[in-house]
Each structure stands twice: as structure tokens, then as C-alpha cells.
Protein chains: 2
Amino acid sequence: MAEKVTIIDVARAAGVSRQTVSNALNSPEVVREETRRHVLEVIERLGYRASQAARQMRTGRSRLIAIRIDPGDPGGDGISGTVLDTFLHGLTETAARGGYRVMLYTAADDRTEIATFEELLGSFEPDAFVLTATHHDDIRASWLLRRRLPFVAFGRPWSELPDARHPWVDVDGAAGTEAATRHLLAAGHRRIGFIGWPPGSGVGDDRRAGWARAIAEQELPADALSRAVEDGIENGGHAARDLLAADPGVTALVCASDSLALGALNAAGSLNAAGSLAVTGFDDTPVARAVGLTSVRQPLAEAAAACVTLLARALDDSESPAEEHVLLQPSLMVRRSG
Amino acid sequence: MAEKVTIIDVARAAGVSRQTVSNALNSPEVVREETRRHVLEVIERLGYRASQAARQMRTGRSRLIAIRIDPGDPGGDGISGTVLDTFLHGLTETAARGGYRVMLYTAADDRTEIATFEELLGSFEPDAFVLTATHHDDIRASWLLRRRLPFVAFGRPWSELPDARHPWVDVDGAAGTEAATRHLLAAGHRRIGFIGWPPGSGVGDDRRAGWARAIAEQELPADALSRAVEDGIENGGHAARDLLAADPGVTALVCASDSLALGALNAAGSLNAAGSLAVTGFDDTPVARAVGLTSVRQPLAEAAAACVTLLARALDDSESPAEEHVLLQPSLMVRRSG
DNA sequence: TTGTATGCGTTATCAG
DNA sequence: CTGATAACGCATACAA
């Protein structure tokens with residue numbers, strides 16, 4: 001039953017008009033320093049906080065940032081599990097510093113997500129959206145762009161279309177797999193394979209490119225050393241077995257995900273003496289830490305912070321400026337597996 | 001640039017007063033059926049949606065449910081990673097059906113979480129809170145209770161104090177470890193150990209109790225077969241080694257978490273021939289699925305739905321009724337490890 | 001610098 | 001069943 005203390009209560013207690021209170025808060029430079037301090041003190045004493053609802057009616061800003069949450073069960077190419085969790089935490093924390101709050105929504109696919117945009121925009125009116133799991137020709141991005149709604153994507157727009165000109169934050173996946181590959185090269189490996197996803201997924205192609213880059217630089221063979229399968233432990237195992245059967249000289253595998261890497265690791269155990277095959281994964285999930293898998297770690301908290309920064313800029317500045325991008329560098333967590 | 005269509009636009013287009021529109025929406029029984037249908041049709045055609053901010057000003061209800069999100073890095077006894085992720089997804093989905101939205105906040109400890117309650121209550125005014133990671137003498141619960149603020153805890157109040165009388169939803173952890181133990185008994189194991197957390201954690205004690213129950217029923221020895229360590233893979237390994245050294249006759253281990261179980265599994269590999277030790281975990285995390293670990297699965301989506309149901313009841317009914325509880329049964333996911 | 005008036009979109013109250 | 005009026009709390013343009 002916390003009786004809500006309004007701006008009028010503060011004005012009364014401070015012996016000023018409610019305008020002065022509002023000014024002390026929103027336009028500090030327009031109030032005498034002494035008055036301002038007094039008002040702020042009363043605000044503190046009374047525990048006054050501006051009502052968001054009232055403020056929103058007046059300003060049209062909800063201070064809400066909406067983001068989709070995927071089911072924990074990794075169904076598609078969305079981020080979920082620890083990755084989303086960590087990202088969300090960072091987003092919530094950074095947003096709070098700017099007075100913003102994170103609101104969640106779910107959606108089965110892009111179409112229903114857009115429907116949710118409309119629903120949200122009509123009711124809660126979030127100030128901005130954070131898009132995850134971006135992909136080629138993302139209709140969500142173009143929809144938001146067309147309506148000039150503020151948003152930032154965690155993930156590059158994997159397209160060169162003008163539709164794709166919007167702020168985004170991403171982690172340089174190619175740099176990650178390249179670092180992993182270089183690490184293996186430094187350890188003396190010469191025939192290093194790659195297990196990734198079928199072409200066309202943007203993220204997957206990027207990760208493959210990093211490996212290919214490092215291999216090409218060493219003028220090592222690459223063509224026959226790459227496999228493309230859907231994500232999953234089983235598939236990783238199959239691909240690893242297939243690759244090793246085709247070329248027994250392979251001593252190391254760079255994988256596009258921890259799942260694939262784990263499968264490869266298991267397969268290696270049943271093929272060779274334990275430890276004879278070096279394997280690296282991607283995302284540094286708890287699984288990787290658990291089994292001692294060397295993995296590429298994404299700076300998720302930093303990515304989240306960057307998203308908020310970009311949004312704040314687009315939201316606070318008068319006319320939203322051009323597109324801005326942030327590409328973060330991942331780091332390699334070296335463990336027993338490689 | 002979506003022109004916001006207000007209730008007045010609808011009223012004009014439908015040829016009625018704005019009150020009739022409001023009534024058609026909020027008190028359907030007070031409007032003639034024909035009028036109601038016409039209004040609803042216009043609403044649909046115009047894509048009208050009631051402004052939450054305006055509604056909140058009038059009704060005092062924000063239709064916001066706040067919940068804390070922990071860092072992805074499992075630091076304490078909070079839920080995080082896939083568990084929180086799945087729970088959040090379920091919560092968001094179920095809440096949306098009732099017109100509610102989930103809002104996130106972070107907090108380092110109980111004290112700062114309460115400070116966040118105050119801040120949120122003064123600004124965004126969430127209608128309710130969902131508490132996670134409840135523990136003995138939870139000051140958050142008593143704080144909310146004292147102010148008669150609607151909330152539900154995901155996790156029992158591990159205390160009999162009157163302070164602890166509030167709605168909660170939980171999963172029967174003891175039933176889970178008991179089922180795991182019975183499963184091992186049915187497989188012929190007779191000396192079954194338990195690796196859990198230090199006493200006093202509620203959740204941990206509960207899980208240990210399930211194992212003890214099944215063991216006692218078979219009149220099997222228990223005292224020397226239990227170990228208590230902080231959560232973690234390393235600790236699980238140490239505990240398993242210690243336990244097996246003390247009693248080489250042990251053929252199976254029930255663990256309070258997947259992390260402990262994983263450690264035990266690794267330790268077993270280096271002690272015995274692979275597969276000779278049966279191990280079960282708890283939470284059915286991706287790690288468990290990855291390594292084929294038998295684990296107890298919590299019905300998280302159902303738990304989330306139950307939370308929303310309890311909240312909706314407390315929110316929609318006039319005087320909030322007494323405490324209500326929901327205790328869900330977990331299920332055992334049997335895999336190679338046991 | 002401070003006070004006064006107005007509107008944001010809804011819903012509740014109360015006459016018609 | 002319908003239509004006018006008030007009020008929720010805040011911020012802004014304006015006048016004092």
C-alpha cells in the first residue's frame with residue numbers, strides 16, 4: 001500500500017510550485033542552484049519518483065526496450081541458453097543505467113514477430129527493439145526501417161541491400177575461428193579440418209571464412225578438409241568421422257559451434273587414442289567449460305552495452321543519425337582439447 | 001511514423017461516443033450486441049489498440065510483471081543459463097496471453113533487489129514480481145508481503161515462519177532424486193551414493209532427502225555414502241573420488257546437479273573402466289544431453305505458467321486470496337550414464 | 001526564476 | 001444503452 005508520492009507532494013513539502021520541481025529535474029539549468037538542491041533533497045526524503053505512465057503520456061517515450069526471447073530448447077539459429085542469458089543480463093544492466101528497462105516478447109518466426117511489433121507499438125509503445133538472430137533478407141529489419149522505428153540488431157545484416165542499412169552490433173566470428181586455427185597451427189598442426197553449417201547462414205559462412213583465411217595463408221590444403229552439417233552433437237560426430245576417414249592425416253578440427261565440437265570430440269575418442277585429435281568449438285558454453293573444450297568466447301556483456309549505446313544515441317539525439325556499427329573481437333579460451 | 005489511432009478515432013469512425021467504445025471493450029455486457037460488434041469491427045479495421053500508459057494512469061495497473069535476471073555465469077544458487085532461459089520464455093508466453101508483459105531487472109543481492117523494487121514501484125509500477133532463487137528467511141518475500149504487493153516465488157519458502165506465507169510454485173526436487181535412485185535400484189545397483197551441496201540450502205537438502213528416502217526404504221546403508229560440496233565440476237570429481245576411495249563397492253551416484261554429475265562422470269572414467277559407474281544429474285541441462293547423462297528434468301514451462309496463473313488470480317480477483325501453492329513433479333531423462 | 005493553464009488517452013461516474 | 005464531465009501525474013508554452 002505504498003501511497004504514491006506525486007510531484008505535487010514534493011512541491012508542497014519544498015514550498016515551491018510543481019513547475020519548479022519539474023524543472024529542477026528536467027531542466028536543472030533553469031532553476032537557481034539553491035532551490036534545485038533543496039528540491040532534490042525533498043525528493044530524496046520523500047522518495048519521490050516520476051510516474052512513467054504520466055511521463056509517457058506527455059513525452060511519448062516509454063523508456064522500454066523490447067527484445068525477443070527464444071525457447072531454451074535450441075530449435076533454430078536463434079541465440080538461446082547461456083548466450084542469450086548473458087546478453088540479456090548485460091542489456092538489462094546497461095539499459096538500467098540509462099533509465100531504460102528491458103521488456104520481453106516471444107515469437108515463432110519473423111512474421112509473427114512483426115505482428116508482435118505492431119501489437120507492442122500500439123499498447124506498451126517500446127522506444128526501441130533489439131533484434132537477434134539476424135539473417136539474409138531479414139524482413140523484420142526492413143519493416144522497422146520502413147517505419148523509421150529505432151532498433152539495433154545483435155548480428156550483422158547479412159546482405160548488402162539498402163534494406164540492411166541500420167545500426168548493428170556483432171562479434172567477428174571469422175576472427176574467432178581464425179584465431180582458433182592459428183592457435184592450432186602454432187601448436188604444430190598442419191592438416192586442420194573445419195566442421196560448420198550448410199552455406200547461406202551468414203554466421204556460419206563467416207566462421208568458416210576465418211578458418212579458410214588462416215589455412216590459405218599457410219598455403220595448406222583446404223578443399224577436402226571442410227564439412228557442412230546442421231548443428232548438433234550427433235552431426236558433429238558424423239562429420240568428424242567422415243572427415244577423418246577421408247583424410248587420416250587430419251590432426252585438428254575447428255568447429256562452428258560447441259555442439260559440433262563436442263560431437264567431434266566424442267568421435268575422436270572412439271577413433272584414436274584419447275587426446276590425439278585437437279578440437280575447438282565456438283561460444284564458450286558451459287558444455288565447453290565442462291569438458292575442457294577450447295572455444296571462442298563472445299564478449300556478450302560488451303555487445304549488450306554497445307547495443308544500448310547505439311540505441312541511446314538514436315533515441316536521445318534529435319534526428320537519428322546514420323547507421324552505426326560495432327564489431328567486437330572474440331577471444332579464444334584455450335583448454336585441454338586443443 | 002505510425003499515426004496513433006486513439007479511442008476517439010474509433011468512436012468517430014463508428015459513429016458512437018468514445019464511452020461506448022471503451023464499454024464495448026471493457027464492459028461488453030453493457031453494450032448492445034449489434035453496437036458492440038460494429039465497434040469491434042471498426043477497431044479491427046483501424047488497428048486500434050488501447051494505450052497502456054493512458055490506461056495505467058486511469059486504472060493504476062501497468063500489466064507489467066518484473067523478474068530478476070542473473071548473470072549467465074552461474075555464480076550462486078540463482079537459476080541461470082538454460083533453466084532461467086526456458087523459464088523466462090514460458091513466463092513471457094503465458095503472461096502475454098493474459099495481456100501482461102515481462103520486464104527484467106538485475107540485482108547483486110537481496111538488499112539491492114529490494115532497492116530495485118522501490119525504484120520500479122515508483123516509476124514503472126509493475127503489477128507483480130516473480131521471485132527466483134528463494135532461500136531461508138528471504139527478506140525479499142517478507143518485504144513484499146509487508147507491503148501487500150502481489151508476487152509469486154518460483155521456489156518454496158524454505159521456512160515455516162509466518163513471513164513465508166505467500167504464493168509459490170516449485171518443482172519437487174526430492175521426488176526427482178528419489179526417482180533417480182529408484183531407477184538405479186531397479187537397474188540392480190545396491191550401494192548408491194549421493195553428492196550434493198552443503199546443508200542449509202533448502203533446494204540442496206530437498207534433493208538429498210529424496211535419495212535418502214529411497215535408500216532408507218530399501219534398508220540400505222546411507223551414512224557414509226553422502227558427500228556435500230559446493231557446486232561445480234571439479235568439486236563433483238573430488239567428491240566422487242573421495243566417496244569411491246572410502247567405499248569401492250559403490251556402483252552408482254545420484255548428484256544434486258549436472259555439474260556435480262559431470263565431475264563424477266569424469267572421475268569415474270579415470271578410476272574404473274568406462275561405464276562401470278552409473279551417475280545421474282539434475283536439471284537436464286544441455287551438458288547432460290551432450291554427454292548422455294541421465295538427469296532430472298524440471299517442467300519449467302509448466303512452472304512458469306503456474307506462476308502466471310497464481311499472479312493473475314491475485315491480480316484480477318478483488319481481495320487477494322490466501323496463499324496458494326503449486327508443486328510440480330519432475331521427470332527422469334534416462335540416458336547412457338545410468 | 002516562478003506560477004497558471006492545457007493536453008496526453010483512458011476509464012469511472014453519473015445523468016440522460 | 002448512450003453521452004457529457006472529471007481525473008490520473010507529468011511536462012510544456014506562456015504569462016507574471
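Protein chains get the first letters and strands the later ones, always in sequence-line order, with residue 1 at the start of each. Bear in mind the structure is a predicted one, so any value in this text is a computation, not a measurement.
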For atom [atom1] of [X] and atom [atom2] of [N], their distance in whole Å:
X	N	atom1	atom2	result
A:L25	D:dA11	CG	P	7 Å
A:N26	D:dT12	CG	C1'	10 Å
B:E29	D:dC1	CD	C1'	12 Å
A:I8	D:dC10	CD1	C1'	9 Å
B:M57	D:dA6	CE	P	17 Å
A:R55	D:dA11	CZ	P	5 Å
B:R61	D:dG9	CZ	C1'	19 Å
B:R18	D:dT2	CZ	C1'	13 Å

With a 3.5 Å distance limit and no angle check, can you tell me whether [X] reaches the backbone of [Y] through a side-chain donor-acceptor pair?
X	Y	answer
B:D170	B:L327	no
B:R63	B:P126	no
A:H38	A:A14	yes
B:T35	B:V31	no

Check every nucleotide of DNA chain C for an atom under 4.0 Å from a heavy-atom of chain A, then give the first and the last such nucleotide from 5' to 3'.
C:dT1 to C:dG9
Hey, which of these two, B:A50 or B:N23, hits DNA chain C nearer its 5' end, going by closest nucleotide?
B:A50
So that I can tick it off, tell me whether B:D138 and B:R140 are bridged by a salt bridge, with the cut-off set at under 4.0 angstrom between side-chain N and carboxylate O.
yes
Looking at B:R49 and A:E125, is there a salt bridge between them, counting it only when a charged N and a carboxylate O are closer than 4.0 Å?
no
Distance test, side-chain N/O of A:S22 to OP1/OP2 of D:dC10, below 4.0 Å:
no
B:E34 atom CD: more than 12 heavy-atom contacts under 6.0 Å:
no
Base, sugar-phosphate or nothing for B:R49? Non-hydrogen atoms, less than 4.0 Å.
sugar-phosphate
Which of D:dT12, D:dT2, D:dA7 is nearest the side chain of B:R58? It is D:dA7
